[in-house]
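To start, the structure itself, in structure tokens.
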Amino acid sequence: MNILAIETSCDETSAAIVRDGRHVLASVIASQIEIHQKFGGVVPEVASRQHILLIAPVLQQALDEAALGWEHIDAVAVTNGPGLAGALLVGVNAGKAIAFARQKPLVGVNHLESHIYANWLIPPALEKKEAPDAPQFPLITLIVSGGHTEIVLMRGHGDYQLLGKTQDDAAGEAYDKVARVIGLGYPGGPLLEKAAAGGDPARFPFARAWLKGTYDFSFSGLKTAVLRKVGEYQAPLPKPAPFSGSVPAEARPKAVPVRLGQVDLPVADIAASFQQAVVEVLATKTVRAAEEYEARQILIAGGVAANKALRAALAAQAAPLNLSVSYPPQVFCTDNAAMVGAAAYFKLQSGSDVPVDYSLDIRPNWELVH
Ligand code: KG4
Ligand code: ZN
């Protein structure tokens, strides 16, 4: 079954064609990073306009890449929430138009569900070699994106039990905010990871919010701790003694250039210490959940799954329990349409409530599971 999938929930316009939920026949991802960079973050109206400009050429490119005509498309899948309303509308309307014109099933997909199903995609580089096994249930998935941080137990396809979630910032959001505070800019996650690579993670032992006895998270205190640390480096210099006319010019205190900006800020050490605090809590709680619920494996889902420190921390804690840790192929960690095609396939297979009546609407605040 070939599914044409569309993703426009935030700042990537993406279309893909996925065969049988795992094989990526085409994947086109048009990033808007450069456009939003000058604003320091995603501007929703700008994102919607860009999606409108890009959606048709991106769809065409996906069909060209797969060398398939419309007649080879069996179903259309589109992200219909959660996400930016205006951005979601562009993808949903494009999907609806195509499905209606071709009289094909239209599958609305939850964005977080699609991030989880990115783990079913076969890395394009391995396509011609031995395909990795599909994930095995029961499993624990750690969803870590720009808007969500959750630990979810899956006992089968489409079967989700929420074990815990963030009470304030999402992990990706914390990365983005801290990156801005230490002058790294947008998009914060990958830039912070890069900066942290040369830093000492033990230099600043930021407090971890363990929220004992729960699988919940909190990252806003950590963000404030980083802010306070940065503030220490920006403290105003001591005032020079008041000028006295009797002091000869050469003996007067020299004007000290006030270095605003963070010239002496130990960016790498702060980044590494922040990252260590985040991944330690994420990994510890996820592995504990996997142990308690006797999961066969752990999946990482969402943009922060691209983070190598998180992968390493999880792998290190899971190894003594003989638990494997999987994450999507790098290119499918952040937003893309291929993962939407994967999720839609398994939804169609399971015959769950898949709407084929073209009445699909956007759900900007759609929770995967309560
Ligand atoms: O899943 P995603 O592409 O969009 C949402 O659904 O939110 O995730 C984007 C988030 C951003 O906060 C971004 O900073 C973070 O994922 N991210 C990373 C890395 N790559 C992306 N965070 C840490 N390390 C990375 N390498
Ligand atoms: Zn996402």
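Just so you know, ligand 1 is whichever comes first in the structure, and atom 1 is the first atom listed for that ligand.
Looking at His111 against ligand 1, only its side chain comes within 4.0 Å, counting heavy atoms.
The closest protein non-hydrogen atom to atom 15 (C) of ligand 1 is Val304 CG2, 3.9 Å. The closest protein non-hydrogen atom to atom 11 (C) of ligand 1 is Asp176 OD2, 3.5 Å. Considering only non-hydrogen protein atoms, atom 2 (P) of ligand 1 sits nearest to Asp335 OD1, 3.3 Å. In terms of protein heavy atoms, atom 26 (N) of ligand 1 is closest to Glu193 OE1, 2.7 Å. Looking only at protein heavy atoms, the nearest one to atom 24 (N) of ligand 1 is Asn307 ND2, 2.9 Å.
In terms of polar-atom proximity, His115 is counted as a contact of ligand 1, with an N or O under 3.5 Å from an N or O of the ligand. Checking only distances, Tyr175 never comes within under 3.5 Å of ligand 1, N or O to N or O. The shortest N/O to N/O separation between Gly189 and ligand 1 falls below 3.5 Å.
For the Zn ion (ligand 2), the N/O/S atoms of His115 include one lying under 2.8 Å.
When all heavy atoms of Asp74 and Asn2 are compared, the pair lying nearest together is OD2-N, 2.7 Å. Minimum heavy-atom separation, Cys10 to Val42: SG-CG2, 4.3 Å.
For Asp335, the N, O or S atom with the smallest separation from the Zn ion (ligand 2) is OD1.
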Test side chain to side chain contact (heavy atoms under 4.5 Å, CB included) on Lys96 and Leu106; report intermediate values, then the result. CA-CA 7 Å; Lys96 247 188 216 185; Leu106 175 65; 3.7 Å; yes
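In the model, Tyr117 has a side-chain atom that pairs as donor or acceptor with a side-chain atom of His157 under 3.5 Å.
Close contacts of ligand 1 with Thr334, meaning ligand atoms under 4.0 Å from a residue heavy atom, involve 3 (O), 21 (C). Of all the atoms in ligand 1, the ones that sit under 4.0 Å from a non-hydrogen atom of Gly172 are 12 (O).
Within the 3.5 Å criterion, the main-chain N or O of Gly341 finds no donor-acceptor partner in the side chain of Ser114. Although no hydrogens or angles enter the test, the distance criterion places no donor-acceptor pair under 3.5 Å between the side chain of Asp176 and the main chain of Pro187.
For Phe274 and Tyr175, the ring centers are positioned less than 6.0 Å apart.
Here Thr141 contributes atom OG1 and Glu113 contributes atom CD; the two are 11.0 Å apart, rounded to the nearest 0.5 Å.
With hydrophobic clusters built from ILVMFWY side chains whose heavy atoms lie under 4.5 angstrom apart, Leu142 does not share a cluster with Leu211.
Checked options Asp168, Val278, Ile151; the residue passing with Phe217 is Ile151 (criterion: side-chain contact (heavy atoms from CB on, under 4.5 Å)).
Of all the listed residues (Gly147, Pro190, Gly146), Pro190 holds the heavy atom that lies closest to atom 19 (C) of ligand 1. Looking at Gly303, Ala309, Ala170, Gly188 and measuring to atom 16 (O) of ligand 1, the nearest heavy atom belongs to Gly303.
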